[in-house]
J.: 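Before I ask anything, let me first share the structure, which is written out below as structure tokens.
Ligands are counted one by one from 1 in listed order, and the atoms in each one are counted from 1 as well.
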Amino acid sequence: MQKNTVSQVAIITGAGQGLGLAIAENFLLEGKRVVFVDVNEQLLNEVKTSELVSQYASSKTMFIAMDVSNVNAIKESVQTIVEHWGRIDILINNAGVRKETSVEDITEEEWNLILSVNLGGTFFYSQAVLDTMKRQKSGRIINISSFGGQAGPLSSGAHYCASKAGQLVLTKSFARSLAGQGITVNAVAPAAIQTPEMDTIEPVKLEKMRESIPVQRFGEAEEVASMVSYLASDAAGYITGSTFDINGGLFMR
Ligand code: ADP
């Protein structure tokens, strides 16, 4: 197994909070250089000045405020990163939008938003890093999908579930076309992870959700981040085109 000796460069989309931020923090602790991508500039500024992240000098962090549904912005960001650090080792496609709209009420605008951010962002960011990863003959792409992409009819919305299912197919398409070039592509499918968003759910509904999970608790962002760290590591070189369920037993196949 070939070991990486340089400080790896990881791009994380949607790194302003929640899962993306937890993944970013782990990567920094592991000595990686991290590019924080998020559409929410205010969140990025808060992260930049946070206790954990601020201790890493600018030699270890980069912050790019951009919308992953903008293909030109993706291309420009990749160019900036390559000019700055000369390499891209890891891409985490995590930026996402979720809306709990019924099938009757989903508008064309909302459909386009969810599909272009969650699925389009994943496709075009992955496509944009390929040249660099192929040149290096190494790379890791990890897509943060969801239980919603496996189980379908959740309250999360048909558009959200379709985008997350689409990510799982993209994972296999990219994995197949890159196999043999040192680049692996995998997905994780979390469910019921404790993120800031959960604070907005009614306590009664939350308790019902908790009871429906076989392990009887919600997951921690860290429990997703540690799987992502493993998939990004040299040790996971023989794993590609796979999806890892992180859901407390909610979906057993
Ligand atoms: P999770 O529970 O998966 O962590 P969050 O909603 O907490 O979900 O985080 C998703 C992140 O993705 C947020 O920080 C959000 O600002 C970011 N995001 C949403 N849309 C876009 C976009 N179009 N481009 C880049 N980042 C985005």
Side-chain angles (χ1 to χ4, degrees), residues 10-27 34-48 50 53 62-78 80-81 91-101 109-126 128-129 142-150 154-157 159-161 163-164 166-168 187-201 206 209 218-228 244-248 250:
I11 304 172
I12 304 168
T13 70
Q17 63 182 8
L19 295 181
L21 180 57
I23 294 164
E25 288 177 345
N26 265 8
F27 280 179
V34 174
V35 185
F36 292 76
V37 170
D38 207 289
V39 74
N40 188 329
E41 207 166 347
Q42 195 190 326
L43 276 182
L44 280 184
N45 282 330
E46 284 169 22
V47 169
K48 208 177 196 169
S50 69
V53 176
M62 243 176 111
F63 296 85
I64 303 180
M66 59 166 277
D67 180 346
V68 299
S69 68
N70 179 338
V71 181
N72 281 333
I74 289 178
K75 288 180 185 164
E76 278 171 26
S77 73
V78 167
T80 306
I81 296 160
L91 168 66
I92 310 296
N93 286 307
N94 166 75
V97 190
R98 192 169 80 88
K99 292 208 188 287
E100 298 193 7
T101 313
E109 191 186 14
E110 197 173 290
W111 172 270
N112 288 339
L113 168 75
I114 302 251
L115 270 291
S116 64
V117 174
N118 300 6
L119 191 56
T122 296
F123 178 81
F124 287 107
Y125 230 125
S126 303
V129 299
I142 299 160
N143 297 324
I144 311 301
S145 177
S146 165
F147 170 63
Q150 301 167 313
L154 289 181
S155 58
S156 315
H159 44 5
Y160 175 82
C161 293
S163 73
K164 291 288 155 181
Q167 275 185 313
L168 299 179
V188 296
I193 306 297
Q194 208 128 25
T195 57
E197 204 197 3
M198 260 197 188
D199 299 342
T200 62
I201 304 173
L206 212 56
M209 271 171 70
F218 294 114
E220 304 285 336
E222 172 53 33
E223 291 174 301
V224 178
S226 55
M227 172 58 92
V228 171
F244 292 83
D245 301 348
I246 308 172
N247 57 29
L250 206 53

J.: Check whether any side-chain heavy atom of Ile81 lies under 4.5 Å from a side-chain heavy atom of Ile64, and answer yes or no.
T.: yes
J.: My question is simple, although I want it checked carefully: is atom 9 (O) of ligand 1 less than 4.0 angstrom from any protein heavy atom?
T.: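 At least one protein heavy atom is under 4.0 Å away.
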J.: Please say whether Asp38 places an N or O atom under 3.5 Å from an N or O atom belonging to ligand 1.
T.: yes
J.: Counting each atom of ligand 1 from 1 as listed, which ones have a heavy atom of Thr195 under 4.0 Å away?
T.: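 Result: 2 (O).
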J.: Give me the one residue out of Asn93, Thr122, Ile92 that meets side chain to side chain contact (heavy atoms under 4.5 Å, CB included) with Ile144.
T.: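 When Asn93, Thr122, Ile92 are each tested with Ile144, the side chain to side chain contact (heavy atoms under 4.5 Å, CB included) holds only for Ile92.
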J.: Using a distance-only test with no angle check, is there a side-chain donor-acceptor pair under 3.5 angstrom linking Asn40 and Gln17?
T.: no
J.: May I ask you to identify, for Val117, whether its side chain, its backbone, both or neither come under 4.0 Å of ligand 1 on a heavy-atom basis?
T.: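 Answer for Val117: side chain.
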J.: Identify the two heavy atoms, one from Met198 and one from Ile193, that lie closest to each other, and give their separation to 0.1 Å.
T.: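 The answer is CE-O, 3.4 Å.
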J.: Nearest 0.5 Å, please: how far is CG in Leu21 from CG in Asn26?
T.: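 Going from the CG atom of Asn26 to the CG atom of Leu21 covers 10.0 Å.
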J.: Does ligand 1 have an atom under 4.0 Å from some heavy atom of Thr13?
T.: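 Thr13 does not count as a contact of ligand 1 under the 4.0 Å cut-off.
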J.: Cut-off 3.5 Å, no hydrogens considered: what does the side-chain donor-acceptor table look like for residues 66-73, sequence neighbours left out?
T.:
residue	atom	partner	partner atom	Å
Asp67	OD1	Ser69	N	2.8
Asp67	OD1	Ser69	OG	2.8
Asp67	OD2	Ser69	OG	3.2
Asn70	OD1	Asn72	N	3.1
Asn70	OD1	Ala73	N	3.0

J.: Answer side chain, backbone, both or neither: which part of Arg98 comes under 4.0 Å from ligand 1, heavy atoms only.
T.: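 Within the 4.0 Å criterion, Arg98 makes no contact with ligand 1.
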J.: Between Val37 and ligand 1, find which residue part has any heavy-atom pair under 4.0 Å and reply side chain, backbone, both or neither.
T.: neither
J.: In the protein, what heavy atom is nearest to atom 19 (C) of ligand 1, and what distance, to one decimal place, separates them?
T.: Gly96 O, 3.4 Å
J.: Ignoring angles and geometry beyond distance, decide whether Ser69 reaches within less than 3.5 Å of ligand 1 through its nitrogen or oxygen atoms.
T.: no
J.: Do Asn94 and ligand 1 have an N or O pair less than 3.5 Å apart?
T.: no
J.: To the nearest 0.1 Å, how far is atom 5 (P) of ligand 1 from its closest protein heavy atom, and which atom is that?
T.: Gln17 NE2, 3.6 Å
J.: Which atoms from ligand 1 have a heavy atom of Ala95 less than 4.0 Å away?
T.: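 Contacts of ligand 1 toward Ala95, numbered from 1: 12 (O), 25 (C), 26 (N), 27 (C).
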J.: Which protein heavy atom lies closest to atom 12 (O) of ligand 1, and at what distance to 0.1 Å?
T.: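 The answer is Gly14 CA, 3.4 Å.
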J.: Specify the closest pair of heavy atoms between Ser126 and Asn143, including all atoms of both residues, with the distance to one decimal.
T.: OG-OD1, 4.5 Å
J.: Relative to ligand 1, is Val39 under 4.0 angstrom through side chain, backbone, both or neither, heavy atoms considered?
T.: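 Both backbone and side chain.
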J.: Of the protein's non-hydrogen atoms, which lies at the shortest distance from atom 23 (N) of ligand 1, and what is that distance?
T.: Asp67 OD1, 2.8 Å
J.: Only heavy atoms of Gly18, strictly under 4.0 Å: list the atoms of ligand 1 that pass.
T.: 4 (O)
J.: Would you say the side chain of Phe63 lies within less than 4.5 Å of the side chain of Asn45, judging by non-hydrogen atoms?
T.: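 No. Closest side-chain heavy atoms not under 4.5 Å.
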J.: Would you mind listing which atoms of ligand 1 come within a distance below 4.0 Å of any non-hydrogen atom of Val97?
T.: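 Every atom of ligand 1 under 4.0 Å from some heavy atom of Val97: 20 (N).
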J.: Can you confirm, on distance only, whether ligand 1 has an N/O atom lying under 3.5 Å from any N/O atom belonging to Leu19?
T.: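 Yes; the residue has a nitrogen or oxygen that sits under 3.5 Å from a nitrogen or oxygen of the ligand.
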J.: Within ligand 1, which atoms have a heavy atom of Leu43 less than 4.0 Å away?
T.: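 Near Leu43, meaning under 4.0 Å from one of its heavy atoms, ligand 1 has 14 (O).
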J.: Check Tyr160 against Val97 and note the closest heavy-atom contact, atom names and distance.
T.: CD1-O, 3.3 Å
J.: Using a 4.5 Å cut-off on heavy atoms from C-beta on, say whether the side chain of Val37 contacts that of Ser77.
T.: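 With C-beta onward as the side chain, the pair stays apart.
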J.: If the cut-off is 4.0 Å to any non-hydrogen atom of Met66, which atoms of ligand 1 fall inside it?
T.: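 Selected atoms, number and element: 24 (N), 25 (C).
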J.: What pair of heavy atoms forms the shortest contact from Lys164 to Asn118, and how long is it?
T.: CE-ND2, 4.1 Å
J.: Is it the case that ligand 1 has an N or O less than 3.5 angstrom from some N or O of Val68?
T.: yes
J.: Is there a donor-acceptor pair closer than 3.5 Å between any side-chain N or O of Asn94 and the backbone N or O of Thr13?
T.: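 Present.
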J.: Please tabulate, one pair per line, all N/O donor-acceptor pairs under 3.5 Å involving side-chain atoms of residues 218-225, not counting sequence neighbours.
T.:
residue	atom	partner	partner atom	Å
Glu223	OE1	Arg217	NH1	3.1
Glu223	OE1	Glu220	N	2.8
Glu223	OE2	Arg217	NH2	2.8

